[in-house]
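What follows is a short report on a single structure.
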Amino acid sequence: MTRTADKAGTSESLHQRILGDIEGRILSGALAPGARIATEHELAAAYDCSRMTVAKVLTQLASAGLVERRRKAGTFVRQPSSQAAILEIHDIKAEVLALGQPYRFEMISRTVRRSDRRDGDFLGTKTSGRLLEISCRHFARRKVFCLEERLINLKAVPEAEAESFAEVSPGRWLLDTVPWTEAEHRIRATAAGRAEALRLGVPQGTSCLVVERRTWRGKMPITNVRLLYPGDAHQLVAHFTPSQR
């Protein structure tokens, strides 16, 4: 009985090791999109394990959206989705400094809470989870540059719960700490409500630009952020060239 348990524990540990090795190489860019993963036979030989263990790892990576398995061709790092956002994820501090303005940010609120029905679209599941809810303001000189409202999935980023964000803004911290594999932007216009106008330092009803962004690691949601900019002080620019046919 004891031997069986030990063997099972060793198999589980090896599974996690192989999974971590391959996932780490994909997320670091060492294995680029389209790169071919070693075959089950090659991986089994390299890790001195059964092909069944390797097959489970590759199946898990495929389920997470990191690789795709092609019949008779092999396993490859998944190409970015054709619906990927065309906008890059910028650091707000860098945006402000690029304008030649001094930058600072301030936290408004920071709360750890259980998810509720409002968060279903973000989490993509009916299962409850723990979230870190953050509000903060970014300044260009003395003027509010934008208002940030963010949710961080603590299942995906448990270390965020202990982070005070006293020195680094939440967005910059996430970019430096958590690899992401997919992002979605939604851009729209809105009129500043009473509370938003007060925080932005503009009259109620002022036209504002809203940038909503969600990021994932595989199929695991990382963060959902809503950035609210005074409309007369911000613009989005995309530079592109014609596609080659």
Quick one: are [X] and [Y] in side-chain contact, heavy atoms under 4.5 Å?
X: Ser169; Y: Cys136; result: no
X: Leu132; Y: Phe165; result: yes
X: Val210; Y: Leu228; result: yes
X: Tyr103; Y: Asp91; result: no
X: Gln60; Y: Lys56; result: no
X: Thr206; Y: Leu200; result: no
X: Thr215; Y: Val178; result: no
X: Arg25; Y: Ile22; result: no

For [X], does the [atom1] atom have more than 12 heavy-atom neighbours from other residues, nucleotides or ligands under 6.0 Å away?
X: Glu167; atom1: CD; result: no
X: Arg186; atom1: CZ; result: no
X: Asp176; atom1: CG; result: yes
X: Arg188; atom1: CZ; result: yes

Rounded to the nearest 0.5 Å, how far does [atom2] of [Y] lie from [atom1] of [X]?
X: Ile134; Y: Ile108; atom1: CD1; atom2: CD1; result: 11.5 Å
X: Glu212; Y: Arg226; atom1: CD; atom2: CZ; result: 6.5 Å
X: Ile26; Y: Ile37; atom1: CD1; atom2: CD1; result: 4.5 Å
X: Leu227; Y: Leu209; atom1: CG; atom2: CG; result: 9.5 Å
X: Arg172; Y: Phe105; atom1: CZ; atom2: CZ; result: 12.0 Å
X: Arg130; Y: Lys155; atom1: CZ; atom2: NZ; result: 13.0 Å

Taking all heavy atoms of [X] and all of [Y], pick out the closest pair and write down the distance.
X: Ala156; Y: Ile222; answer: CB-CA, 4.4 Å
X: Trp173; Y: Thr177; answer: O-OG1, 2.7 Å
X: Val96; Y: Phe139; answer: CG1-O, 3.9 Å
X: Arg110; Y: Ala160; answer: NH2-O, 3.2 Å
X: Pro230; Y: Phe145; answer: CD-O, 3.5 Å
X: Ile92; Y: Cys146; answer: CD1-SG, 3.6 Å

Next item on the list: List the steps, then state whether side-chain contact (heavy atoms from CB on, under 4.5 Å) holds for Arg113 with Glu133.
Entry: CA-CA 7 Å; Arg113 64 173 176 82; Glu133 186 171 28; 2.9 Å; yes
Do any N or O atoms from the side chain of [X] and from the backbone of [Y] form a donor-acceptor pair under 3.5 angstrom?
X: Arg137; Y: Arg199; result: yes
X: Thr223; Y: Leu151; result: yes
X: Ser135; Y: Ser109; result: no
X: Thr53; Y: His15; result: no

Do [X] and [Y] belong together in a cluster built from hydrophobic side chains that touch within less than 4.5 Å?
X: Tyr229; Y: Ile187; answer: yes
X: Val57; Y: Met220; answer: no
X: Leu174; Y: Leu147; answer: no
X: Val202; Y: Val144; answer: yes
X: Ile152; Y: Trp216; answer: no

Notebook entry, point to check: Does a salt bridge link Glu23 with Arg217, judged by any charged N lying under 4.0 Å from a carboxylate O?
Noted result: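 Here Glu23 pairs with Arg217 in a salt bridge, since their nearest N and O are under 4.0 Å apart.
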Notebook entry, point to check: Hey, mind stepping through Glu40 and Arg69 against salt bridge (charged side-chain N to carboxylate O under 4.0 Å, His left out) and telling me if it holds?
Noted result: CA-CA 11 Å; Glu40 291 184 7; Arg69 309 193 72 181; 2.6 Å; yes
Notebook entry, point to check: Under the criterion side chain to side chain donor-acceptor pair (under 3.5 Å), which of Glu95, Lys143, Arg141 is the partner of Gln101?
Noted result: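 It is Arg141; the other options fail the test.
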